[in-house]
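Accompanying notes for the structure given below.
All figures in this text were calculated on a predicted structure; none of them were measured in a lab. A note on names: the letters A, B, ... follow the listed sequences, proteins ahead of strands, and every chain is numbered from 1.
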There are 2 protein chains.
Amino acid sequence: MAPIARPTYAVIARTANVSEATVSRVLNGDDSVHPERARRVHEAVEKLGYKKNRVASALASGRTGLIAVVIDDDLSVFSDPFWGTVTSGVSRVLMENGLQTVLMVSPVGSADGGVAQYLKSGEVDGAIFFALHSDALVTKLQKQGLPLVITGTPHSSNDVAFVDTDNFGGGYAATRHLMNQGAKKVAIITGDIGTTAAKQRLDGYLQVYRESGHVPAKGLICEGDYSFESGQQHAKKLIAAHPDVDGIFASNDLMAMGAMSVLQDMGIDVPGKVRVVGFDDSLIAQTARPALTTIRQDVVALGEAAGTLMIAQLNGQDVEPVILPTDLVVRASA
Amino acid sequence: MAPIARPTYAVIARTANVSEATVSRVLNGDDSVHPERARRVHEAVEKLGYKKNRVASALASGRTGLIAVVIDDDLSVFSDPFWGTVTSGVSRVLMENGLQTVLMVSPVGSADGGVAQYLKSGEVDGAIFFALHSDALVTKLQKQGLPLVITGTPHSSNDVAFVDTDNFGGGYAATRHLMNQGAKKVAIITGDIGTTAAKQRLDGYLQVYRESGHVPAKGLICEGDYSFESGQQHAKKLIAAHPDVDGIFASNDLMAMGAMSVLQDMGIDVPGKVRVVGFDDSLIAQTARPALTTIRQDVVALGEAAGTLMIAQLNGQDVEPVILPTDLVVRASA
DNA sequence: AAGACCCGCGAAACCGCTTTCACGGGCTTA
DNA sequence: TAAGCCCGTGAAAGCGGTTTCGCGGGTCTT
């Protein structure tokens with residue numbers, strides 16, 4: 001059981017021949033300590049291999065050094081590699097700043113479930129939300145002054161700090177690419193329209209149409225839900241209703257794969273007859289046949305941005321939302 | 001900044017008209033308190049909406065209520081959906097037991113890097129290791145008495161608690177299936193042979209051969225590294241060296257996909273000419289064309305088992321390793 | 001030269017819970 | 001009935017930092 005006995009301030013103070021208060025000052029970067037005394041403290045710390053006890057520090061200061069990463073896991077969202085990757089980015093940045101990541105994979109639900117209680121009770125210094133479906137909790141926590149960062153654009157425009165991919169730009173680029181390749185009649189299979197990301201990607205798609213002076217024909221806009229099956233199902237409907245569709249932009253790779261599988265089963269050549277573009281540049285995009293043209297987002301950077309925004313807030317700085325650029329990755333499918 | 005003022009033991013004690021010591025006893029399940037007094041305490045707690053301050057509790061008791069999940073992130077391992085999924089399982093079980101998950105995605109490396117320091121300094125009550133490449137740190141921590149669980153079979157047979165999938169059984173089932181389907185000459189593309197999982201899957205493969213009375217021909221055993229490219233590369237070599245190969249068992253889906261892509265490019269029919277089986281039942285297995293026959297492991301269960309093992313250790317129970325069964329998922333590729 | 005300030009520093013209170021210790025009373029034992 | 005126990009309980013001492021407060025001495029006014 002023995003977490004090896006570690007020196008305390010008492011020992012450091014004695015060794016450096018100063019008071020514990022001074023040790024605390026030095027170790028917390030209070031610059032009002034005489035350099036010579038500070039040096040002595042640092043020496044003692046070095047010599048004794050001292051490491052601050054976070055728990056004691058937390059109790060006294062009220063700062064726990066813990067940041068919660070909350071993943072609203074109504075379905076097993078976390079199995080989506082996306083979130084894992086974002087989290088690793090967050091974690092890295094936080095660790096570099098001496099903070100730890102507390103992971104909470106849980107149906108967040110109401111504004112006062114278990115997770116809510118935990119966050120409200122001051123046991124973390126801040127919280128980063130993923131895949132948020134309701135703003136109620138966020139609003140509540142924000143009122144309490146808990147530093148918050150949201151990954152993904154929130155619905156309501158509280159002035160919560162958030163980070164997101166440029167979904168609009170991505171949707172625009174995907175659609176524009178299809179058109180540039182010669183597609184005339186481009187359909188979109190959106191993601192769950194309850195997510196802002198799906199809406200923004202759709203907006204990008206619409207923008208291209210707007211610029212082209214046309215409007216997408218009835219039925220070209222299909223409301224999917226990010227699932228493989230949804231891609232299949234909408235592709236079938238599309239081909240039935242619009243046999244002359246020659247471009248499909250799916251709001252994620254998985255749906256793009258679903259669509260492609262249907263097209264191929266029907267003997268429709270991709271990209272010869274219909275071009276397909278996905279979104280995410282996930283593993284399946286790379287391994288697909290034909291390899292999927294898609295929109296890449298820098299997921300790790302997203303996490304890092306979230307972490308950075310959190311740090312900034314903890315330092316009392318004002319923060320602006322961060323929108324990260326996307327890249328069009330051209331492969332065989334379009 | 002204001003984590004709303006919460007009641008303390010002092011208040012509870014006053015309200016219930018008992019001492020703080022008694023409050024502590026009641027709240028920690030010490031049964032030596034008179035039922036009537038205990039009731040009063042519970043009432044007060046209820047009425048005041050009291051929630052224990054974990055930090056203070058941790059300082060006084062030495063138990064932080066935090067379990068570290070350490071992911072050795074030499075490459076961005078965490079972007080593998082596998083780990084995210086395991087983690088969600090762990091997290092769920094821990095939360096149900098009032099513990100929090102501290103995520104550390106970091107190159108673990110030596111036995112005394114930052115992570116090591118953190119773990120050694122008693123700031124967590126236990127640690128769960130993922131994707132472990134060296135046992136040095138584990139051994140060290142174990143000596144210090146830190147409860148440990150390893151996900152995946154460790155190399156050295158310290159008696160550390162671990163959970164793993166039945167890799168041997170999975171490898172066996174995959175190979176056996178190929179044979180049952182009529183394959184005569186079955187190759188294997190192993191994973192990074194530095195991992196025990198890869199070795200065990202290989203052992204399963206070998207076992208089938210052993211039972212069949214044959215030995216795999218020279219060159220049928222290819223040492224891959226779990227990457228798509230590695231699957232491609234080995235498939236090429238295989239076909240060149242053994243044009244009559246009619247079965248390939250790849251140690252993960254990604255390599256299986258790589259292999260399939262090469263076969264298809266060469267005009268070799270899958271499964272007509274060569275049957276292919278993967279491992280993991282990841283998303284790409286489902287979306288592949290032909291859909292990939294593979295070995296499914298219950299990844300969430302793996303995480304839950306790890307969490308459960310940790311809880312057991314914290315309760316001072318002796319624990320045995322847990323090996324979870326696999327399922328053969330038959331799809332189109334074999 | 002005396003009063004007003006400022007600065008660096010230590011003593012001590014404090015954060016909120018846990019745990020040891022000792023006390024008083026009811027019971028058993030001789 | 002006296003001595004010995006056991007039990008439920010509260011007082012108080014931590015746990016290891018942080019932070020307030022005030023002191024002594026040097027510097028700056030007037």
Side-chain angles (χ1 to χ4, degrees), chain A residues 1-42 44-45 48-66 98 118 121-125, chain B residues 1-42 44-45 48-66 98 118 121-125:
Chain A
M1 215 42 342
I4 283 174
R6 300 194 294 156
T8 67
Y9 270 16
V11 184
I12 304 290
R14 212 174 310 134
T15 310
N17 200 27
V18 298
S19 72
E20 294 188 29
T22 296
V23 175
S24 177
R25 293 193 182 99
V26 172
L27 265 45
N28 291 315
D30 184 329
D31 51 351
S32 69
V33 175
H34 188 95
E36 162 59 15
R37 303 171 79 82
R39 194 187 54 69
R40 291 216 305 272
V41 170
H42 283 127
V45 165
L48 297 163
Y50 175 79
K51 249 207 104 235
K52 190 141 72 181
N53 178 326
R54 273 166 176 276
V55 177
S57 169
L59 176 58
S61 70
R63 278 171 266 108
T64 59
L66 262 29
Y118 185 76
S121 62
E123 292 173 24
V124 292
D125 294 344
Chain B
M1 229 12 10
I4 284 174
R6 300 193 295 155
T8 67
Y9 270 18
V11 184
I12 304 288
R14 212 174 309 134
T15 310
N17 199 27
V18 298
S19 72
E20 296 189 28
T22 296
V23 174
S24 176
R25 293 193 182 98
V26 173
L27 265 46
N28 292 315
D30 184 329
D31 53 349
S32 69
V33 175
H34 188 94
E36 162 58 15
R37 304 172 78 83
R39 195 188 52 70
R40 291 215 306 271
V41 171
H42 283 127
V45 165
L48 297 162
Y50 174 80
K51 250 206 106 235
K52 188 142 71 181
N53 179 324
R54 272 166 178 276
V55 177
S57 168
L59 177 58
S61 69
R63 279 171 268 111
T64 59
L66 263 29
Y118 185 76
S121 61
E123 291 172 25
V124 293
D125 294 345

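- At the heavy-atom level, A:V33 lies under 4.0 Å from the strands shown only through sugar-phosphate atoms.
- Interatomic distance, CG of B:N28 versus NZ of B:K52, reported as 3.5 Å (0.5 Å rounding).
- Atoms CZ (A:R40) and C1' (C:dG8) sit 13 Å apart, rounded to a whole Å.
- Closest to the A:H34 side chain, of the nucleotides C:dC9, C:dG10, D:dT9, is C:dC9.
- Dashed line: the shortest gap from a side-chain N or O of A:S24 to OP1 or OP2 of D:dT18 is under 4.0 Å.
- Residue B:R37 places at least one side-chain N or O under 4.0 Å from the OP1 or OP2 atom of D:dT9.
- Here A:R54 lies out of heavy-atom contact (under 4.0 Å) with every strand.
- Rounded to an integer number of Å, the gap from A:I12 CD1 to C:dG10 P is 15 Å.
- Atom CZ of A:R63 is separated from atom P of D:dT18 by 8 Å (rounded to the nearest Å).
- Side-chain nitrogen and oxygen atoms of A:S61 include none within less than 4.0 Å of the OP1 or OP2 phosphate oxygen of D:dT19.
- In this structure, the separation between NE2 on B:H42 and CZ on B:R39 is 11.0 Å, given to the nearest 0.5 Å.
- Closest to the side chain of A:A60, from the set C:dT18, D:dG16, D:dA12, is D:dG16.
- With rounding to whole Å, B:E36 atom CD is found 14 Å from D:dG8 atom C1'.
- To the nearest angstrom, P of D:dC6 lies 17 Å from CG of B:D31.
- Side-chain N/O atoms of B:Y50 include none lying less than 4.0 angstrom from OP1 or OP2 on C:dG16.
- For the atom pair A:R54 CZ and A:T64 OG1, the distance stands at 8.5 Å (nearest 0.5 Å).
- Atom CD of B:E20 and atom C1' of C:dG16 are 8 Å apart (whole Å).
- Among the nucleotides D:dT18, D:dC15, C:dG10, the one closest to any side-chain atom of A:N28 is D:dT18.
- Going from atom CZ of A:R14 over to atom CD of A:E20 covers 8.5 Å, rounded to the nearest 0.5 Å.
- Contact between the side-chain N/O atoms of A:S19 and the OP1/OP2 oxygens of C:dG10 is found at a separation under 4.0 Å.
- With DNA chain D read from its 5' end, the first of the two nearest nucleotides for A:V55 and B:S32 is the one closest to B:S32.
- A:Y9 places its OH atom 10 Å from the P atom of D:dT19, with the value rounded to the nearest Å.
- The closest donor-acceptor contact from the side chain of B:D30 to the backbone of B:S32 lies under 3.5 Å.
- Considering only side-chain N and O atoms, A:T22 lies nowhere under 4.0 angstrom from the phosphate OP1 or OP2 of C:dG8.
- One distance of note links CZ of A:R40 with OG1 of A:T15; it measures 11.0 Å at 0.5 Å rounding.
- For B:R25, taking side-chain heavy atoms from C-beta onward, the closest of the listed nucleotides C:dC21, C:dC17, D:dG17 is C:dC21.
- Atom-to-atom, CG of B:L48 to P of C:dG16 comes out at 15 Å; the value is rounded to the nearest Å.
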